[in-house]
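First comes the structure, then the notes that go with it.
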Amino acid sequence: MTLRFEHETLGQRIRFASGSARQALAAEVEALGAKRAMVIASAAEAELAARITEGLPVAIVHDEVVMHVPVPVAERAREAAARHDVDVLVSVGGGSTTGLAKAVALTTGLPVVAVPTTYAGSEATNVWGLTDGATKTTGVDARVLPRSIVYDASLMLGLPVDMSVASGLNALAHCVDSMWAPRVDPIDAALAAEGIRALASGLPRVVDDPADLEGREESLYGAYLAAVAFASAGSGLHHKICHALGGRYDLPHAPTHAVVLPYVLALNAPAAPAADARIAQAFGTETGLQGLDALRARLDAPRALRDYGFEEDQIPDAVEAILPSVPESNPATVTPENLERLLRSAWEGAEPR
Ligand code: NAD
């Protein structure tokens with residue numbers, strides 16, 4: 001078989017060292033020659049952010065962070081950046097915080113240094129997202145890719161287990177969905193496979209002992225690989241579904257991904273045997289779904305969308321909203337009927353078959 005592909009590698013520096021966020025951040029801000037930092041961190045992340053930004057030339061701390069980045073929230077952050085004449089954006093927090101920094105970078109071109117505190121992975125992608133009313137729009141722009149990422153797994157020791165599990169499965173979804181996403185190439189698949197292996201090994205350790213730094217590190221490493229694979233491969237069916245659900249019904253991002261993933265895998269696996277074999281191999285199981293099922297049981301993962309605010313009578317509207325966005329490359333044919341079944345199963349938390 002001939003191997004032919006095009007792969008674009010996104011340029012950013014990764015500093016991965018537990019317990020070193022403050023020093024690594026200082027070095028990155030200095031390398032940019034920045035003198036006026038805007039620190040973006042939600043109120044919940046404020047204490048952690050204050051600790052690791054100590055000694056930085058901070059011009060303003062901005063804490064209005066809202067999931068899925070509503071347009072007015074982005075506008076206010078952009079105004080604050082202009083008012084304080086900042087020259088670097090430092091985000092400390094989960095995907096919502098990184099997302100706000102990206103929204104500011106999108107219109108200002110300011111460099112972002114990201115310090116992630118969840119496994120969402122937004123820091124490793126050039127994808128931005130903004131929500132206008134009930135419509136979430138995403139786009140790709142080189143300006144939003146953080147110049148550097150400071151990974152410090154010790155910052156995650158306080159991430160509650162249920163949030164760690166949901167966020168870790170969000171990362172796993174990047175890996176699995178990358179396997180059949182529109183631009184998947186052999187490099188993405190290799191990164192995704194190693195991401196699955198690392199997450200499947202690291203997340204149970206986090207659940208067993210949330211203070212296990214090595215489990216946190218392994219999960220964070222997997223989450224980074226997942227995001228790199230996803231950034232290159234693009235959004236597959238799983239991401240299209242979760243994107244529509246999150247924006248339209250204001251569902252929480254990570255638990256939505258955690259619930260929906262097995263149903264998409266169950267739908268696609270029979271039509272994508274090579275991808276399924278790769279996923280299974282990464283889990284060390286016979287099929288991908290066996291591996292995912294076992295991991296979900298081990299992690300006591302989120303099971304049903306109805307637990308997260310999705311209503312049964314919203315299913316027909318969701319089917320209509322999702323169908324036009326189904327990627328042509330999706331291995332299984334998606335019909336109104338099988339999509340409805342998928343959403344109903346995810347709503348009630350039925351066995352993914
Ligand atoms: P989040 O950032 O909203 O964080 C969830 C909650 O966890 C918040 O209440 C936050 O304060 C808290 N939290 C974060 N870190 C913590 C820590 N270390 N300890 C204790 N609490 C902590 O959720 P998320 O799942 O990280 O990110 C979701 C958002 O990111 C969505 O809007 C999604 O669209 C976006 N996202 C974007 C991309 C991309 O490539 N652009 C990729 C993944 C996710």
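Computed from a predicted model, the values in this text were never measured in an experiment. Both counts, for ligands and for their atoms, begin at 1 and track the order of listing. If you read the sequence from its start, that first residue is 1, and numbering goes on from there.
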message: Using a 4.0 Å cutoff against the non-hydrogen atoms of G94, which atoms of ligand 1 qualify?
response: 2 (O), 26 (O)
- prompt: Hey, is ligand 1 close enough to W128 that some N/O pair sits below 3.5 Å?
  reply: no
statement: Heavy-atom proximity to atom 31 (C) of ligand 1 ranks first, among H253, H243, M156, for H253
task: Run the numbers for me: atoms of ligand 1, each under 4.0 Å from some heavy atom of K102, listed by number.
output: 39 (C), 40 (O), 41 (N)
query: With ring centroids as reference points, do Y151 and Y224 lie under 6.0 angstrom apart?
result: yes
- request: Examine the side chains of T125 and K102 and answer whether a donor and an acceptor come within less than 3.5 Å of each other.
  value: yes
message: Side chains of T335 and N338: any donor to acceptor distance under 3.5 Å?
response: yes
field: Output field: ring centroids H239/H174 closer than 6.0 Å
entry: yes
message: Please compare L159, T97, L157, V144 and report which has the shortest non-hydrogen distance to atom 22 (C) of ligand 1.
response: L159
query: Where the side chain of R303 meets the backbone of G349, is there a donor-acceptor pair that is under 3.5 Å apart?
result: no
- request: Determine yes or no for a side-chain-to-main-chain donor-acceptor pair under 3.5 angstrom, with T285 supplying the side chain and G291 the backbone.
  value: yes
message: Taking only non-hydrogen atoms of G158, do any sit less than 4.0 angstrom from ligand 1?
response: yes
query: Nearest to atom 38 (C) of ligand 1, what protein heavy atom do you find, and at what distance?
result: S122 CB, 3.4 Å
query: In the hydrophobic clustering that connects Ile, Leu, Val, Met, Phe, Trp and Tyr at side-chain heavy-atom distances below 4.5 Å, which members other than L106 occupy its cluster, ordered by chain and number?
result: M38, I40, I60, V65, V66, V69, V71, V73, V86, L89, L100, V104, L110, V112, W128, L130, V144
query: Tell me: protein heavy atom nearest atom 24 (P) of ligand 1, and distance?
result: G95 N, 3.6 Å
message: Taking distance alone, with N or O pairs closer than 3.5 Å, would you say V127 contacts ligand 1?
response: yes
- prompt: Looking only at protein heavy atoms, which one is nearest to atom 43 (C) of ligand 1, and how far off is it?
  reply: A120 O, 3.2 Å
query: Do other residues, nucleotides or ligands put more than 12 heavy atoms under 6.0 Å from E30 CD?
result: no
message: Going by the closest heavy atom to atom 18 (N) of ligand 1, which one wins out of T117, L130, T256?
response: T117
message: Can you confirm whether the side chains of S232 and D188 place a donor and an acceptor under 3.5 Å from each other?
response: yes
query: Looking only at protein heavy atoms, which one is nearest to atom 34 (O) of ligand 1, and how far off is it?
result: K136 NZ, 2.6 Å
message: Testing the basics here: between S154 and G19, what is the closest heavy-atom pair and its distance to 0.1 Å?
response: OG-N, 3.5 Å
task: Say whether L155, considering both its backbone and side-chain N or O atoms, lies within less than 3.5 Å of an N or O atom on ligand 1.
output: yes
message: Considering non-hydrogen atoms of the protein only, which is the closest contact for atom 4 (O) of ligand 1, and what is the distance?
response: T118 CG2, 4.3 Å
Protein heavy atom at shortest distance from atom 10 (C) of ligand 1: E45 OE2, 3.6 Å
query: What do we get for S42 next to ligand 1 when only non-hydrogen atoms under 4.0 Å count, side chain, backbone, both or neither?
result: side chain
message: Parallel, tilted or perpendicular, judged at 30° and 60°: which one describes the rings of H7 and F5?
response: perpendicular
message: Using a 4.0 Å heavy-atom cut-off, which part of T98 comes near ligand 1: side chain, backbone, both, or neither?
response: neither
message: Yes or no: does G93 have any heavy atom under 4.0 Å from an atom of ligand 1?
response: no
- prompt: What part of A44, side chain from CB on, backbone N/CA/C/O, both or neither, has a heavy atom under 4.0 Å from ligand 1?
  reply: side chain
message: So, regarding S96 and ligand 1 (criterion: nitrogen or oxygen to nitrogen or oxygen, under 3.5 Å), is there a contact or not?
response: yes
- request: Identify the two heavy atoms, one from D177 and one from G236, that lie closest to each other, and give their separation to 0.1 Å.
  value: OD2-N, 3.0 Å
- line: Apart from V90 itself, its cluster of hydrophobic side chains linked below 4.5 Å comprises L25, V29, L32, V39, L48, I52, L56, V58, V61, V88, V92, V113, V115, V150, L155
statement: Of all protein heavy atoms, the one nearest atom 23 (O) of ligand 1 is M67 CE, 3.9 Å
field: Between S345 and R353, a side-chain donor and acceptor under 3.5 Å
entry: no
message: Test your reading of the structure: does G121 have an N or O sitting under 3.5 Å from an N or O of ligand 1?
response: no
- line: atom 5 (C) of ligand 1 has as its nearest protein heavy atom M163 CE, 4.1 Å
message: Hydrogens and angles aside, do N330 and N268 bring a side-chain donor and acceptor to less than 3.5 Å of each other?
response: yes
- prompt: Under a 4.0 Å heavy-atom limit, does T125 contact ligand 1 with its side chain, its backbone, both, or neither?
  reply: side chain
task: Please determine if H68 has a nitrogen or oxygen closer than 3.5 Å to a nitrogen or oxygen of ligand 1.
output: yes
